[in-house]
Amino acid sequence: MGLDRHPSQGSTIHSGRRAGVTRRGTILGVAGALLSSCHSPESSTQPSIEFTRIPQADEGGREKHDIILGRVKGARPGQQIVLYSRSGVWWVQPLVDHPFTKIEASQFSNATHLGTEYAALLVDPGYRPPKTTNELPQPGGAVAAVAIVKGQKSPPSAQISFAGYEWRVRDAPSDRGGQNYYDSGNAWTDVDGALHLRIAKTAGKWTCAEVSLTRSLGYGSYSCIVRDTAHLEPAAVFSMFTYDYAGADENYHEAAIEVSRWGDTASKNAQYIIQPYYVPTNVARFEEPSGPLTHSLRWEPGRMSFRTTRGSKIIFEHVFSAGVPSHGIESIRMNLYVFRKAHVPLEKPAEVVIDKFEYLP
């Protein structure tokens with residue numbers, strides 16, 4: 001149950017002398033703090049920013065979000081990225097109270113609300129970014145580099161409609177459960193509107209499925225009606241969970257309903273969990289029976305109430321009141337993947353069908 005990270009998808013390099021709102025020609029906008037005309041040893045090592053995943057152009061504001069990725073060259077220890085999305089004016093991302101994005105192994109990733117353009121600033125420790133601005137700062141002082149790029153004409157990942165919501169379909173590898181590969185063709189809806197997730201073998205390797213809401217719903221009640229998942233092999237995992245790229249310091253605000261024996265045939269096959277999973281009181285395991293079930297989560301400040309039912313019969317329920325994640329810019333996700341550390345590896349393809357998803361404030 002490792003962290004969920006998206007590697008780079010494609011590459012868009014930005015280079016430019018100026019990083020304000022105006023740019024020339026096809027320059028997308030990367031600017032370091034350029035020295036004048038001298039040729040000092042530092043002139044070839046000015047910092048730069050490159051976007052590797054660019055969300056679509058959309059005035060969606062707070063209603064829609066996506067993942068933005070990039071890499072940084074020449075960053076100094078302690079420097080961070082500040083992201084902006086333009087919707088009329090520039091708005092700091094992902095949230096006013098979470099304006100900084102960490103750089104790890106020269107790369108950065110975070111969620112962002114949609115806009116017509118996106119920007120990344122490489123800044124020194126102590127920099128205080130404005131919540132909104134009509135014009136971005138140029139390199140200099142505490143701002144080491146600035147990059148600006150227009151949003152794409154279409155979403156960078158495939159999307160499907162399910163239960164009245166738009167869901168982003170994962171097509172990038174993840175280290176969740178061990179190194180897993182994902183194929184957007186492994187998630188689809190049928191003529192009756194049910195969502196199908198499958199694990200399939202492609203070119204000799206297992207590929208998994210994941211969908212995530214393109215908006216953050218926050219506190220409230222979440223539920224899904226799932227057809228029989230008790231048949232899953234011990235190495236297969238089905239999960240409905242919250243995940244927040246901006247919540248890295250708080251275990252990504254992750255909480256989940258997970259169906260798996262984690263490779264152990266003698267283990268119970270389902271659990272409710274809040275991260276970190278290695279805290280014993282953060283996990284409540286139970287045995288899920290065969291047949292269709294409804295899994296639900298009621299999320300309130302400081303409290304998460306989980307329940308699994310069949311009709312009016314309660315199969316299992318549990319309440320967490322300590323270590324409960326707070327609401328940020330998380331999205332609800334559902335996935336079906338392989339637990340790579342299982343003693344007995346997955347032998348056959350798997351499929352899970354979700355008939356209904358519902359959210360109530």
Side-chain angles (χ1 to χ4, degrees), residues 1-4 173-182 186 196-201 204-210 222-243 251-252 254-297 304-311 313-325 333-355:
M1 291 176 282
L3 301 183
D4 193 29
S174 166
D175 62 1
R176 183 176 294 270
Q179 187 67 20
N180 274 303
Y181 298 93
Y182 286 77
N186 287 344
H196 293 246
L197 303 177
R198 72 179 177 190
I199 299 172
K201 185 160 282 189
K205 64 184 179 183
W206 293 117
T207 58
C208 308
E210 180 176 302
Y222 299 83
S223 66
C224 63
I225 299 176
V226 186
R227 298 182 197 175
D228 182 32
T229 51
H231 70 282
L232 291 174
E233 290 183 48
V237 185
F238 167 71
S239 177
M240 181 178 80
F241 63 106
T242 61
Y243 192 86
N251 299 294
Y252 296 91
E254 184 173 350
I257 299 166
E258 297 176 323
V259 179
S260 180
R261 297 190 188 276
W262 304 107
D264 183 357
T265 56
S267 175
K268 294 179 180 180
N269 67 349
Q271 65 184 21
Y272 307 141
I273 180 173
I274 59 176
Q275 295 289 1
Y277 69 89
Y278 51 79
V279 176
T281 55
N282 284 0
V283 182
R285 292 191 59 77
F286 63 101
E287 186 68 24
E288 176 193 87
S290 60
L293 295 171
T294 299
H295 299 292
S296 62
L297 161 63
M304 273 190 164
S305 305
F306 290 84
R307 176 178 290 179
T308 296
T309 60
R310 174 173 292 146
K313 181 182 178 181
I314 298 176
I315 305 300
F316 190 72
E317 60 183 344
H318 186 80
V319 176
F320 296 100
S321 56
V324 174
R333 302 181 178 203
M334 289 185 280
N335 61 11
L336 182 63
Y337 65 94
V338 182
F339 181 57
R340 298 286 181 175
K341 298 179 182 179
H343 294 299
V344 179
L346 190 73
E347 296 181 355
K348 299 178 181 179
E351 185 172 328
V352 168
V353 182
I354 301 98
D355 283 310

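Computed over heavy atoms, backbone and side chain alike; hydrogens, waters and symmetry mates excluded. One is the number of the first residue; the rest follow in order along the sequence.
- Under the 4.5 Å side-chain criterion, counting only non-hydrogen atoms from C-beta, V226 is not in contact with D355.
- One finds the OG atom of S174 at 8.0 Å from the CG atom of N335 (value rounded to the nearest 0.5 Å).
- Distance CZ/F339 to CH2/W262: 6.5 Å, rounded to 0.5 Å.
- Remark: side-chain polar atoms of Y272 are paired, donor with acceptor, to backbone N or O of F316 under 3.5 angstrom.
- Under a cutoff of 6.0 Å and an axis angle of 45°, R176 and F241 form a cation-pi pair.
- The main-chain N or O of P292 is found under 3.5 Å from a side-chain atom of R310 such that the two form a donor-acceptor pair.
- Side-chain contact annotation: D228 with S290, donor-acceptor N/O pair under 3.5 Å absent.
- In plain terms, the two heavy atoms of Y243 and E254 that are nearest each other are CD1-OE1, 3.9 Å.
- With respect to E351 and R198, no salt bridge is recorded, no charged nitrogen being found less than 4.0 Å from a carboxylate O.
- Few gaps surround NZ on K201; more than 12 heavy atoms of other groups in view lie less than 6.0 Å from it.
- Between M304 and I274 there is a side-chain heavy-atom pair separated by less than 4.5 Å.
- Contact record, A235 with A342: CB-CB, 3.7 Å, taken as the closest heavy-atom pair.
- Side-chain contact between R333 and E210: present, with at least one pair of heavy atoms (C-beta onward) separated by less than 4.5 Å.
- You'll find the side chain of Y337 reaches within 4.5 Å of the side chain of Y182, heavy atoms only.
- Looking at T309, its side chain never comes within 3.5 Å of a backbone N or O of I314 through a donor-acceptor pair.
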Requested in this report: Please test M334 against I354 for side chain to side chain contact (heavy atoms under 4.5 Å, CB included), starting from the C-alpha separation and ending with a verdict.
Outcome: CA-CA 10 Å; M334 289 185 280; I354 301 98; 4.2 Å; yes
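- For R285 and S267, the side-chain atoms include at least one donor-acceptor pair closer than 3.5 Å.
- Annotation for Y181: atom OH does not count as buried by contact number, only 12 or fewer foreign heavy atoms lying within 6.0 Å.
- Ionic pairing of E233 and K348 is not present here: no N-O contact between side-chain nitrogen and carboxylate oxygen is shorter than 4.0 angstrom.
- There is no side-chain donor-acceptor pair under 3.5 Å between Q275 and N251.
- Looking at heavy atoms from C-beta onward, I315 lies in side-chain contact with P289 at the 4.5 angstrom threshold.
- A270 approaches E288 most closely through the heavy-atom pair CB-CB, 4.0 Å.
- Interatomic distance, CD of Q179 versus NZ of K205, reported as 9.5 Å (0.5 Å rounding).
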Report task. Give the intermediate values and the outcome of ring-ring contact (aromatic ring centres under 6.0 Å, His included) for residues F306 and F320. Result -> CA-CA 8 Å; F306 290 84; F320 296 100; 5.7 Å; yes
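- For the atom pair SG (C224) and CZ (F238), the distance works out to 5.0 Å, reported to the nearest 0.5 Å.
- A distance of 5.0 Å separates SG in C208 from CD1 in I199, rounded to the nearest 0.5 Å.
- A donor-acceptor distance shorter than 3.5 angstrom exists from the side chain of N282 to the backbone of P276, with no hydrogens or angles considered.
- Between the T242 side chain and the A255 main chain, a donor and an acceptor come within less than 3.5 Å of each other.
- Residues L197 and L336 share a closest heavy-atom pair of O-CD2, 3.3 Å.
- Judged by distance alone, the side chains of S305 and E317 never bring a donor and an acceptor atom under 3.5 Å apart.
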Requested in this report: Assess whether side-chain hydrogen bond (donor to acceptor under 3.5 Å, both in side chains) is satisfied between T207 and N186, documenting all intermediate values.
Outcome: CA-CA 8 Å; T207 58; N186 287 344; 2.9 Å; yes
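- A pairwise comparison of heavy atoms in A284 and H318 identifies CB-CG, 3.6 Å as the closest pair.
- For the atom pair L293 CG and T308 OG1, the distance stands at 6.5 Å (nearest 0.5 Å).
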